[in-house]
J.: 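Following this message is one structure expressed as structure tokens.
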Amino acid sequence: MSARLQTAPFDLAAELQGFGTGADQGAQVTFTGIVRDDSGRMAALEIEHYPGMTERAMNDYGAEAARRFGLIDWRIVHRYGRLEVGEAIMMVATAARHRAAAFEAAEYLMDWLKSRAPFWKREIARDGTGQWVEAKDSDEDALARW
Amino acid sequence: MSARLQTAPFDLAAELQGFGTGADQGAQVTFTGIVRDDSGRMAALEIEHYPGMTERAMNDYGAEAARRFGLIDWRIVHRYGRLEVGEAIMMVATAARHRAAAFEAAEYLMDWLKSRAPFWKREIARDGTGQWVEAKDSDEDALARW
Amino acid sequence: MTLDVLYFAWLRERIGAPRERIETGAATVRDLVAELSARDDWHAAAFADMAAVRCAVDQQLADLDAPLAGAREVAFFPPMTGG
Amino acid sequence: MTLDVLYFAWLRERIGAPRERIETGAATVRDLVAELSARDDWHAAAFADMAAVRCAVDQQLADLDAPLAGAREVAFFPPMTGG
């Protein structure tokens, strides 16, 4: 039951060590977000956050997901700073008795992270120019389902 | 893009080595199923399968999910034989451009595996008696959504 | 024709064997079930409630009306409980 | 009152600084935006389209009508694009 912010890469296997123990655990779901090159000319992302508020928001969302979906365990790791195409940006893991709760909680956390967690992405093109990523209506729509 | 049957434990991290490469990959989802003790007196599960048909069905479902959700990569590993409470039974991993496709494909594969893949579970109680697990209506209902 | 008939889970236990090779003229799965059920009490018990039995013909899921012409392997088992 | 005002992403770039400490009598976020916009062209440009600006008061998301009484930190930023 923890959220963490860092610049360094994370190791999914290490994050899952000791994650979600107990005889009533039946399902674990993980989501990993990876820097994708949509334009064919992107080199990296720069991710800005709001120190203090971002950690608090991630912990609040995690606790809310645990309450709402009866999670046995949850973890959020989110990176900031410069990340190259192909690098993992963030991960979410959820553990529950049943698969439906584990899947729903992971999707809920992702929908919140995408549109309510204080992160802002800038795409850095191969020529060095940067452009802020605009929020997507589809992310707002995804959030509205909860 | 592979499905595998085995008695030995699997290592999620090892399964994800080299999984889903390419600059257009943005999302990976994993699901891990764990032997859960619902009754408080269960020691283990015994999982029976249909050699030949089970491998084929897993590969067919994986290929169908890849087509339907535009997956970049997928993997299914399912164990059989005797598994103690707390052991991982099976895993599914999906890689896609966007998170919605990766989540949906993983849930689709799980719903198929639960109710259409040729596996039969027997619960072994601590006193050594065994009982076949009955199929759940909720698993049929879950499948009906696709 | 010669058919391999396979049983899984509690069907295997009720019949007392995982497989048997039979000679049959059954045209459909339903005919085959009727023929097997008439053999002895064990087969009859296994097929007593067909709502709880699933079937595959040559490793493809099939229903009771599926034809058996050309088939080599028929399997009977309870609803699957994988994952 | 003394307020720390923080800016993120393109608001930070338009204003040219990540934060500033100000003295203000603004009663709501809306009053504060009006006061800051009147300072210079950079602030005016940053707040030109308030539909594209989000706000937090003491690190909690807030809307334009949120009161500032007792607040110590107000942040302005574009819609979030995390994950």
Side-chain angles (χ1 to χ4, degrees), chain A residues 11-17 19-43 45 72 84-100 102-111 113-114 126 136 138-139 141-142 145, chain B residues 11-17 19-45 72 84-100 102-111 113-114 136 138-139 141-142 145:
Chain A
D11 174 7
L12 182 64
E15 299 300 333
L16 296 179
Q17 284 293 326
F19 181 75
T21 50
D24 59 343
Q25 177 190 215
Q28 290 187 355
V29 168
T30 72
F31 177 89
T32 306
I34 296 157
V35 181
R36 186 181 64 233
D37 178 12
D38 268 338
S39 63
R41 50 188 201 81
M42 203 175 97
L45 276 184
I72 292 167
E84 311 297 316
V85 168
E87 282 196 81
I89 308 173
M90 51 78 61
M91 60 154 284
V92 156
T94 58
R97 290 176 68 84
H98 298 285
R99 74 184 187 284
F103 272 121
E104 285 177 9
E107 292 183 72
Y108 172 87
L109 284 172
M110 287 309 305
D111 289 346
L113 282 165
K114 284 276 178 187
R126 295 210 194 97
K136 278 182 282 188
S138 60
D139 286 329
D141 295 346
R145 65 180 156 154
Chain B
D11 175 5
L12 182 64
E15 299 299 334
L16 295 179
Q17 284 293 327
F19 181 75
T21 50
D24 59 343
Q25 178 190 214
Q28 290 188 356
V29 168
T30 72
F31 177 88
T32 306
I34 297 158
V35 180
R36 185 182 64 233
D37 177 12
D38 268 338
S39 62
R41 49 188 201 82
M42 202 176 98
L45 276 184
I72 291 166
E84 310 299 315
V85 169
E87 283 196 80
I89 309 173
M90 51 79 61
M91 60 154 284
V92 157
T94 57
R97 291 176 68 83
H98 298 285
R99 74 183 187 284
F103 272 121
E104 285 177 8
E107 292 184 71
Y108 171 88
L109 283 171
M110 287 309 305
D111 289 346
L113 282 164
K114 284 277 179 186
K136 278 181 282 188
S138 60
D139 286 329
D141 295 346
R145 65 180 155 154

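Lettering of chains follows the sequences in order, A, B, ..., and the numbering in each one begins at 1.
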J.: List the residues meeting side-chain contact (heavy atoms from CB on, under 4.5 Å) with Asp11(A), not counting sequence neighbours, and say none if there are none.
T.: Ala13(A), Ala14(A)
J.: Write out, in numerical order, the residues from residues 88-100 of chain A with a heavy atom short of 4.5 Å from a heavy atom in chain B.
T.: Arg97(A), His98(A), Arg99(A)
J.: In terms of heavy-atom pairs under 4.5 Å with chain A, which of Val85(B), Val35(B), Ile34(B) leads?
T.: Ile34(B)
J.: Given that the side chain runs from C-beta out, which part of Val29(A) has a heavy atom under 4.5 Å from chain B: side chain, backbone, both or neither?
T.: both
J.: Please find the pair of heavy atoms, one from Arg36(A) and one from Gln25(B), that lie closest to each other, and give the distance.
T.: CB-O, 3.7 Å
J.: Got more than 12 heavy atoms from elsewhere within 6.0 Å of CZ, Arg41(A)?
T.: no
J.: Would you please classify the geometry between the Phe103(A) ring and the Phe103(B) ring as parallel, tilted or perpendicular, with 30° and 60° separating the classes?
T.: perpendicular
J.: Look at Asp111(A), Thr32(A), Thr30(A) and state which one has the largest set of heavy-atom pairs under 4.5 Å with chain B.
T.: Thr30(A)
